[in-house]
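Below is one structure, written out as structure tokens; the observations come after it.
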Amino acid sequence: MRTQVVIIGAGPAGMLLSHLLDLGGVDSVVLETRSRAYVESRIRAGILEASTVELLEASGLGERLRRDGVPHRGVDLQWPGERHHLDFVDLVGRGVWIYGQTEVQKDLGVARDAAGQEIHYEVADVRLHDLESERPYVTFTDAGGGRHRVDADAVAGCDGSFGVSRAAVPAAAKTTWERTYPYSWLGVLADVAPSTDELIYAWHPDGFALHSMRSDKVSRLYLQVANGTDINGWSDQRIWDALATRLGHGQDGWTLTPGPITDKSVLPMRSLVMAPMRHGRLFLAGDAAHIVPPTGAKGLNLAVADVALLAPALAGLLRDNDPRLADAYSDTALRRVWRSTHFSWWMTTMLHALDDPFDAQLQLSQLRWVAASTAAATGLAENYTGLPIGDSLRD
Ligand code: FAD
Ligand code: PHB
């Protein structure tokens, strides 16, 4: 096989990259280890930044998003006895959208089908070769056991946090920064109307809680739990009781309505950045290059921002023989990655309880400051709603 770009991974980064490359007249082949059904039903992110929505719309992916997505003006910050609404639209002139990663993934699948995109699902033993040459190639085993080779001009590593692409960059050619956090999230999906119009981020001495949603009938909720937590120790009743306590059930007449839980999982929390995001003709995008804890709702949005920069960079390199954007790709993307890495770390450390009374007072002081100061609230709003993609002065 021969193509211009082999894309490793059919998650949001890989699928959107194939879409944007196609719009720019560049051919690609996508390789994915999982089945299409699995990829399209993985429950992950739920918040889209304004710039993500603009990009999806501008590239013809906005129809269902406009119809079924729900615009939110802001979020609530909560701690015992207090709840404050931050109105992002008032503060920075833009909000965010509720639209699940599963839906983004399905929209991408439909668009790529319509364009006749070549995607190989359920492949195995993907290996990257000759990345430092101008003729890299990738080998893989297809679902039927046949071994293949794809020759290309570039390889895009969009294979997430446990893929092969990051590992394909030699240790001497990369720097990695990493932080693991001393807590995890227990996430649940429930068939119940959300008890709130907009998200509630709650600090509580028992631990952080988040009330999010997927639609007017489906709620998504999270609880801070200890690392290594066994999900079997958390019955539905225990989960709803903890959510009620931490989210302030009864406070100023607000109530949390429980309902049937349809999905339950424990997610560890990690920050990781690898630089540079390029090695020879291998370009990394999304979770393959960086991971953020979910508190800032940034993972999916960062993956979108990366490929928004990478698609024109690859088109310049391969279609127009102009390497300038490709040469600038890693530095440009990393400025935004570090901004989101800091913001996600800041939200995480401000909201998660540690067994330390001094830290607790500092966290509460920060929360009161964000709620009371327009300057502080504007900083949170500017980061949460997302900085413009490719604005090198600010991103
Ligand atoms: P991925 O979505 O991980 O896609 C990578 C793809 O590559 C996968 O389909 C994988 O199967 C495939 N792959 C892996 N190895 C190979 C290989 N060797 N060859 C070929 N294909 C391969 N972010 C938020 O903002 N909010 C959230 O609530 C949130 N929740 C999350 C929950 C979980 C359990 C996880 C794992 C992540 C969550 N995230 C969340 C992060 C967000 O989902 C990711 O940042 C986003 O999916 C990144 O997209 P991606 O395309 O870079 O990577
Ligand atoms: C979600 O809806 O899954 C979600 C929302 C906001 C976050 C994290 C996850 O910060």
Hey, what's the ring geometry for [X] with [Y], parallel, tilted or perpendicular (30° and 60° as the breaks)?
X	Y	answer
Tyr183	His352	parallel
Tyr201	Tyr384	perpendicular
Trp345	His342	tilted

Looking at [X] and [Y], does any basic side-chain N land under 4.0 Å from a carboxylate oxygen?
X	Y	result
Lys298	Glu49	yes
Arg112	Glu32	no
Arg278	Asp327	yes
Asp287	Arg44	no
Arg73	Asp87	yes
Arg2	Asp153	yes

**Message:** Could you check whether His84 and Trp79 have their ring centres less than 6.0 Å apart?
**Reply:** yes

**Message:** Aromatic contact between Phe140 and His120, with the criterion being ring centroids under 6.0 Å apart: yes or no?
**Reply:** yes

Look at the side chain of [X] and the backbone N and O of [Y], then say whether any donor-acceptor pair between them is shorter than 3.5 Å.
X	Y	answer
Arg336	Asp306	no
Gln366	Leu351	no
Tyr181	Thr349	no
Thr3	Val6	no
Ser59	Leu61	no
Thr262	Leu189	yes
Arg246	Gln224	yes

For [X] and [Y], which I'm curious about, is there any donor-acceptor pair between the side chains at under 3.5 Å?
X	Y	value
Asp359	Gln363	no
Glu118	Ser18	no
Asn301	Thr52	yes
Tyr137	Arg135	no

**Message:** Set out, in order, the CA-CA distance, both residues' side-chain angles and the distance that settles side-chain hydrogen bond (donor to acceptor under 3.5 Å, both in side chains) for Ser41 and Gln105, then state yes or no.
**Reply:** CA-CA 9 Å; Ser41 60; Gln105 191 79 52; over 6 Å; no

**Closest non-hydrogen atom pair, Ala377 against Val370** = CB-O, 3.5 Å

**Asked** Can you list the steps and then say if Thr139 with His129 is a side chain to side chain contact (heavy atoms under 4.5 Å, CB included)?
**Response** CA-CA 8 Å; Thr139 50; His129 309 268; 2.8 Å; yes

